[in-house]
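Okay, handing you the structure first.
This is a predicted model, so every value here is computed, not measured. The analysis underlying the following values was restricted to heavy atoms, covering all of them including side chains, and did not include hydrogens, waters or symmetry mates.
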Amino acid sequence: GSGSSSKIRILLDHLREPLSYTPIDLAKEKLLRSATAIAASYPRLKVLPLCADYTQPLAPPSIAEAIARRIAFFPGSTIGNFHPPEAAGFLRRIRDLVSCEGGLLIGVDLKKDPRLLHAAYNDSAGITAEFNLNILAHLNRRFGSDFRLDQFAHRAHYDERLGRIEMHLISLEDQVVRFDNKWISLKAGETILTEVSYKYDLEQFATLAERAGFEVRRVWTDSGQLFSVQYLVPS
């Protein structure tokens, strides 16, 4: 979701006379705090927060003024967390949301040397491992589960055939875990797939966008072509 709405500030600072901004997030309190901060920084902008799951069909808040163009902004590389058919469906819903005069500015992580991906997702500081293990901590808090975090290890690897990073949590011993009033048996070495992150080359993503009713109008990349920001318009 929109989170702290920090990235949108970069975009708002470069737009000519933006009319409104609708941040979308499931975390209502944080959403309202960030929306209030944006409204204070951009007093001429209508800020209309929407507490919702952005993976589901959305009905954006209506405004009285005529809208020349609606642009969706999806930075980062979250599109890679969808399996390709899900990604196409998600993009298609955005296509319907922005209509024929709109567009989508989206971040897309690009395919690169698998050694770089391995180093990033198995970083020496253990930040990604901590992020991954926090899933179990969240389940313990939310559902009263009894996952022992010290009995799991983080592992990420790149599946070159599927073009995706897979993040796993590996059980370090035979164990039985209580989760949501059920008992789950795990063998030593058994893994839990927690996340996937698909990487695209520019041609692959253009094909995905085309299936969803978009065409790629412009692409920006860094000098090493590790990451891209792409502007899509309805085809």
Side-chain angles (χ1 to χ4, degrees), residues 1-15 18 21-27 30-31 33-35 37-38 47 49-56 58 60 70-84 86-95 97-98 102-112 116-123 125 127-132 134-135 138 154 156 158 162-167 194-202 204-206 208-209 212 214 216-233:
S2 56
S4 63
S5 287
S6 57
K7 294 175 184 176
I8 193 66
R9 290 175 180 268
I10 301 170
L11 186 59
L12 290 174
D13 288 342
H14 290 83
L15 290 177
Y21 166 53
T22 298
I24 303 170
D25 207 299
L26 272 175
K30 187 169 186 177
L31 172 67
R33 282 199 304 270
S34 63
I38 290 288
V47 181
L50 177 62
C51 186
D53 178 354
Y54 66 71
T55 66
Q56 302 302 313
L58 297 171
R70 177 178 285 137
I71 305 297
F73 183 46
F74 199 54
S77 56
T78 307
I79 191 66
N81 298 136
F82 294 90
H83 295 291
E86 297 170 340
F90 176 66
L91 292 175
R92 201 171 294 115
R93 288 194 295 275
I94 295 178
R95 163 65 177 80
L97 185 68
V98 301
L104 166 63
L105 189 62
I106 186 170
V108 182
D109 202 10
L110 300 178
K111 288 188 172 179
K112 53 186 70 69
L116 288 176
L117 291 168
H118 180 82
Y121 285 86
N122 297 282
D123 59 286
I127 294 172
T128 309
E130 186 177 350
F131 171 82
N132 202 10
N134 187 58
I135 294 172
H138 176 72
H154 161 79
Y158 181 63
L162 295 175
R164 72 184 191 187
I165 278 282
E166 293 184 1
M167 294 212 313
T194 55
E195 183 177 302
V196 296
S197 182
Y198 285 85
K199 313 302 176 185
Y200 293 92
D201 61 35
L202 296 180
Q204 284 175 325
F205 192 76
L208 178 67
F214 277 115
V216 178
R217 177 64 54 84
R218 187 165 177 186
V219 177
W220 298 264
T221 69
D222 58 283
S223 58
Q225 292 204 324
L226 303 177
F227 187 80
S228 69
V229 176
Q230 306 193 30
Y231 184 59
L232 314 183
V233 295

For Gln204, check side-chain hydrogen bond (donor to acceptor under 3.5 Å, both in side chains) against everything at least two apart and list the hits.
->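 Only Lys111 meet the side-chain hydrogen bond (donor to acceptor under 3.5 Å, both in side chains) criterion with Gln204.
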Spatial distance of atom CZ (Phe205) from atom CG (Leu91) [nearest 0.5 Å] =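 The CZ atom of Phe205 sits 5.0 Å away from the CG atom of Leu91.
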Counterpart residues, side chain to side chain contact (heavy atoms under 4.5 Å, CB included), relative to Phe227 (two or more places apart) =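 With sequence neighbours excluded, Phe227 shows a side chain to side chain contact (heavy atoms under 4.5 Å, CB included) to Ser77, Asp109, Asp222, Val229, given in chain and number order.
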What distance do Ile135 atom CD1 and Glu195 atom CD have between them, rounded to the nearest 0.5 Å?
->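 If I round to the nearest 0.5 Å, the distance is 7.0 Å.
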Residue pair Ala209 / Val216: nearest heavy atoms and the distance that separates them =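 Closest approach of Ala209 to Val216, heavy atoms only: CB-CG2, 4.5 Å.
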With sequence neighbours left out, write down each residue that passes side-chain hydrogen bond (donor to acceptor under 3.5 Å, both in side chains) with Ser5, or none if nothing qualifies.
->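 side-chain hydrogen bond (donor to acceptor under 3.5 Å, both in side chains) list for Ser5, sorted by chain: Tyr21.
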More than 12 foreign heavy atoms under 6.0 Å from NZ of Lys30: is that the case here?
->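 Atom NZ in Lys30 is not crowded, with 12 or fewer foreign heavy atoms closer than 6.0 Å.
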Looking only at heavy atoms, which two atoms of Ala212 and Ala88 are closest? And how far apart?
->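 Answer, listing the atom of Ala212 first, then Ala88: CB-O, 3.6 Å.
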Ring pair (Phe, Tyr, Trp, His ring centres under 6.0 Å) with Phe90: which residues, sequence neighbours excluded?
->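 For Phe90, the residues satisfying ring pair (Phe, Tyr, Trp, His ring centres under 6.0 Å) (neighbours in sequence not counted) are Tyr54, Phe74, Phe82.
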Verify side chain to side chain contact (heavy atoms under 4.5 Å, CB included) between Leu104 and Val98, making sure each step is shown before the conclusion.
-> CA-CA 8 Å; Leu104 166 63; Val98 301; 5.7 Å; no
Arg93 side, atom CZ; Gln56 side, atom CD - distance, nearest 0.5 Å =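 Answer for the CZ-CD pair, Arg93 versus Gln56, is 6.5 Å.
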Please report the shortest heavy-atom distance between Lys199 and Leu117, naming the atom on each side.
->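 Lys199 and Leu117 have their closest heavy atoms at CE-CD2, 3.8 Å.
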Is atom CZ of Arg92 surrounded by more than 12 heavy atoms (other residues, nucleotides or ligands) closer than 6.0 Å?
->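 Result for CZ/Arg92: enclosed.
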What residues, two or more places apart in sequence or in another chain, satisfy ring pair (Phe, Tyr, Trp, His ring centres under 6.0 Å) together with His118?
->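 Checked His118 against ring pair (Phe, Tyr, Trp, His ring centres under 6.0 Å); zero matches.
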Who pairs with Glu166 by salt bridge (Lys or Arg N to Asp or Glu O under 4.0 Å), at least two apart in sequence or on another chain?
->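 Salt bridge (Lys or Arg N to Asp or Glu O under 4.0 Å) list for Glu166, sorted by chain: Arg164.
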Do the side chain of Arg70 and the main chain of Leu97 share a donor and acceptor less than 3.5 angstrom apart?
->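 Checked: pair present.
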Search all heavy atoms of Ala120 against all heavy atoms of Thr128 and return the closest pair with its distance.
->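 In this case the closest contact between Ala120 and Thr128 is O-OG1, 3.5 Å.
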Rounded to the nearest 0.5 Å, how far does CD1 of Ile106 lie from OG1 of Thr78?
->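 Interatomic distance, Thr78 OG1 to Ile106 CD1, rounded to 0.5 Å: 9.0 Å.
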Heavy-atom pair of closest approach, residues Leu31 and Pro49 |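 Reported closest heavy-atom pair: CG-CB, 3.9 Å.
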Only one of Leu202, Val219, Leu226 passes side-chain contact (heavy atoms from CB on, under 4.5 Å) with Leu110; say which it is.
->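 Looking at Leu202, Val219, Leu226, the match for Leu110 under the side-chain contact (heavy atoms from CB on, under 4.5 Å) is Leu202.
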For Ile71, side chain to side chain contact (heavy atoms under 4.5 Å, CB included) partners two or more places apart |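 In terms of side chain to side chain contact (heavy atoms under 4.5 Å, CB included), with neighbours along the sequence ignored, Ile71 is linked to Arg69, Tyr231.
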Side chain to side chain contact (heavy atoms under 4.5 Å, CB included) with Leu26: which residues, sequence neighbours excluded?
->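 Once residues adjacent in sequence are excluded, the partners of Leu26 under the side chain to side chain contact (heavy atoms under 4.5 Å, CB included) criterion are Asp53.
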Distance (rounded to the nearest 0.5 Å) between Tyr121 OH and Ile165 CD1 |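 Between Tyr121 OH and Ile165 CD1, I get 6.0 Å after rounding to 0.5 Å.
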Criterion side chain to side chain contact (heavy atoms under 4.5 Å, CB included) on Asn81 and Ser197, from CA distance to verdict | CA-CA 5 Å; Asn81 298 136; Ser197 182; 4.0 Å; yes
With sequence neighbours excluded, what pairs up with Arg9 under the side chain to side chain contact (heavy atoms under 4.5 Å, CB included) test?
->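 Arg9: side chain to side chain contact (heavy atoms under 4.5 Å, CB included) contacts with Ala37, Ile38, Ser41, Tyr42.
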Does a sphere of radius 6.0 Å around CD in Glu86 hold more than 12 heavy atoms from other residues, nucleotides or ligands, not counting ones at 6.0 Å or beyond?
->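 More than 12 heavy atoms, drawn from other residues, nucleotides or ligands, come within 6.0 Å of this atom.
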Thr194: partners by side-chain hydrogen bond (donor to acceptor under 3.5 Å, both in side chains), with sequence neighbours left out |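 So Thr194 forms a side-chain hydrogen bond (donor to acceptor under 3.5 Å, both in side chains) with Asn132.
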Measuring from Ile79:CD1 to Leu208:CG, what's the distance to the nearest 0.5 Å?
->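 Result: 6.5 Å between the selected atoms.
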Who pairs with Tyr198 by ring pair (Phe, Tyr, Trp, His ring centres under 6.0 Å), at least two apart in sequence or on another chain?
->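 Ring pair (Phe, Tyr, Trp, His ring centres under 6.0 Å) check on Tyr198 returns His83.
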Non-neighbouring partners of Ser228 that pass side-chain hydrogen bond (donor to acceptor under 3.5 Å, both in side chains), sequence neighbours left out =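 Counting only residues at least two positions away or on another chain, Ser228 forms a side-chain hydrogen bond (donor to acceptor under 3.5 Å, both in side chains) with Gln230.
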Of all the heavy-atom pairs spanning Val47 and Pro23, show the shortest one and how long it is.
->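 Taking Val47 first and Pro23 second, the nearest heavy atoms are CG1-CD, 4.3 Å.
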